[in-house]
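Notes follow the structure.
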Amino acid sequence: MSKISELIFAPERDQPIRYIERTRSYYLGLGYENPYVWAHYIDVPFTPLKKPLAQSVLGLITTAVPHDSSKGHQGQGAPYNAAAKFYQPYQQSIEGSIDLRIAHVGVDRKNANMEDSHCWFPLDAAKRAVASGRIGGLSENFYGLPTNRSQRHTLEIDAPAF
């Protein structure tokens, strides 16, 4: 059997999700006059590491929110929950009990793992990387940034707050 005859084509419906197109259509459908504009840069505004990762301190940033039972169902099997959104950046110690949730984020709930917080907040993996010497250390705090921001608000207000 030739290599070509072993190939199996994917069904027509098995295509990448067109997030940019879908998001632009969604915002226009909500009545916004301008299509959504994704942040992108010709030159990425990040600086290469000045020393090896094994000598660096890693800081974690998340869009997950600390659990607040007064804001409705946010656990396993929770539907999208706009009430659980947060609007102010926060910082929290990496030590102690951390209970973060993502019910406020618009994700594919059929295929995403909503139960395993290690998927969206890899603190344990980062601690193992420190223990093995792969990473030099961890910041004593992690930071939460809201998802309901414009590029301007993120760059001019939220980011400078920390």
Side-chain angles (χ1 to χ4, degrees), residues 14-24 26-27 30 36-41 43-162:
D14 186 11
Q15 296 183 16
I17 297 171
R18 293 178 171 87
Y19 289 106
I20 293 173
E21 179 183 325
R22 186 173 77 176
T23 303
R24 285 185 175 147
Y26 175 73
Y27 277 83
L30 290 175
Y36 185 86
V37 178
W38 289 85
H40 62 283
Y41 297 89
D43 295 314
V44 179
F46 297 105
T47 303
L49 291 176
K50 294 181 180 176
K51 54 187 172 183
L53 191 56
Q55 298 172 9
S56 300
V57 175
L58 174 70
L60 295 177
I61 301 171
T62 184
T63 57
V65 64
H67 179 248
D68 180 348
S69 61
S70 72
K71 294 186 176 179
H73 186 37
Q74 300 159 60
Q76 184 174 355
Y80 174 75
N81 181 353
K85 279 188 174 288
F86 66 104
Y87 298 91
Q88 296 300 318
Y90 69 89
Q91 71 178 25
Q92 185 175 327
S93 172
I94 63 167
E95 300 303 327
S97 178
I98 299 171
D99 185 5
L100 299 177
R101 307 291 175 97
I102 59 168
H104 67 289
V105 180
V107 297
D108 176 359
R109 285 171 161 63
K110 179 179 177 189
N111 297 297
N113 186 332
M114 301 291 290
E115 296 82 43
D116 184 0
S117 65
H118 298 99
C119 293
W120 65 84
F121 189 67
L123 178 59
D124 290 342
K127 287 181 177 180
R128 287 192 304 274
V130 170
S132 73
R134 188 164 177 225
I135 297 174
L138 290 176
S139 169
E140 63 184 35
N141 295 308
F142 68 89
Y143 303 89
L145 294 176
T147 59
N148 59 326
R149 296 292 201 244
S150 67
Q151 295 170 36
R152 183 195 57 76
H153 195 103
T154 299
L155 293 170
E156 296 176 9
I157 299 171
D158 291 345
F162 294 109

Hey, what do you get for [atom1] ([X]) to [atom2] ([Y]), rounding to the nearest 0.5 Å?
X	Y	atom1	atom2	result
Leu145	Gln91	CG	CD	11.5 Å
Ile135	Leu58	CD1	CG	4.5 Å
Tyr80	Lys85	OH	NZ	4.0 Å

Compare every heavy atom of [Y] with every heavy atom of [X], then report the nearest pair and how far apart it is.
X	Y	answer
Lys71	Ala83	CD-O, 3.3 Å
Gly59	Ser139	CA-CB, 3.9 Å
Pro146	Asp158	CD-OD2, 4.1 Å
Ala54	Gly133	CB-O, 3.3 Å
His73	Pro79	CD2-CD, 3.9 Å
Pro52	Ser56	O-OG, 2.9 Å

Could you tell me whether the side chain of [Y] reaches within less than 4.5 Å of the side chain of [X], counting heavy atoms only?
X	Y	result
Pro66	Leu100	yes
Asn81	His104	no
Leu60	Ile94	no
Phe142	Ile61	no

> Does the side chain of Asp68 come under 3.5 Å of the side chain of Ser70 through a donor N or O and an acceptor N or O?
Replying inline: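 Short answer, yes.
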>> For Phe121, run the side chain to side chain contact (heavy atoms under 4.5 Å, CB included) check against Ile102, Ile98, Thr63 and tell me which one passes.
In response: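 Result for side chain to side chain contact (heavy atoms under 4.5 Å, CB included) with Phe121: Ile98.
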> Heavy-atom count around Gln92 CD within 6.0 Å, excluding the residue itself: above 12?
Replying inline: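 Above 12, so yes.
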> Would you say the side-chain atoms of Glu140 pair up with the backbone N or O of Leu138, donor to acceptor, closer than 3.5 Å?
Replying inline: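 No; judged by distance alone, with no hydrogens or angles, the pair does not exist.
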> What residue pairs, at least two apart or across chains, pass side-chain hydrogen bond (donor to acceptor under 3.5 Å, both in side chains) with a residue in residues 121-132?
Replying inline: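 Every side-chain hydrogen bond (donor to acceptor under 3.5 Å, both in side chains) pair that includes a residue of residues 121-132, provided the two are not neighbours, is His118-Asp124.
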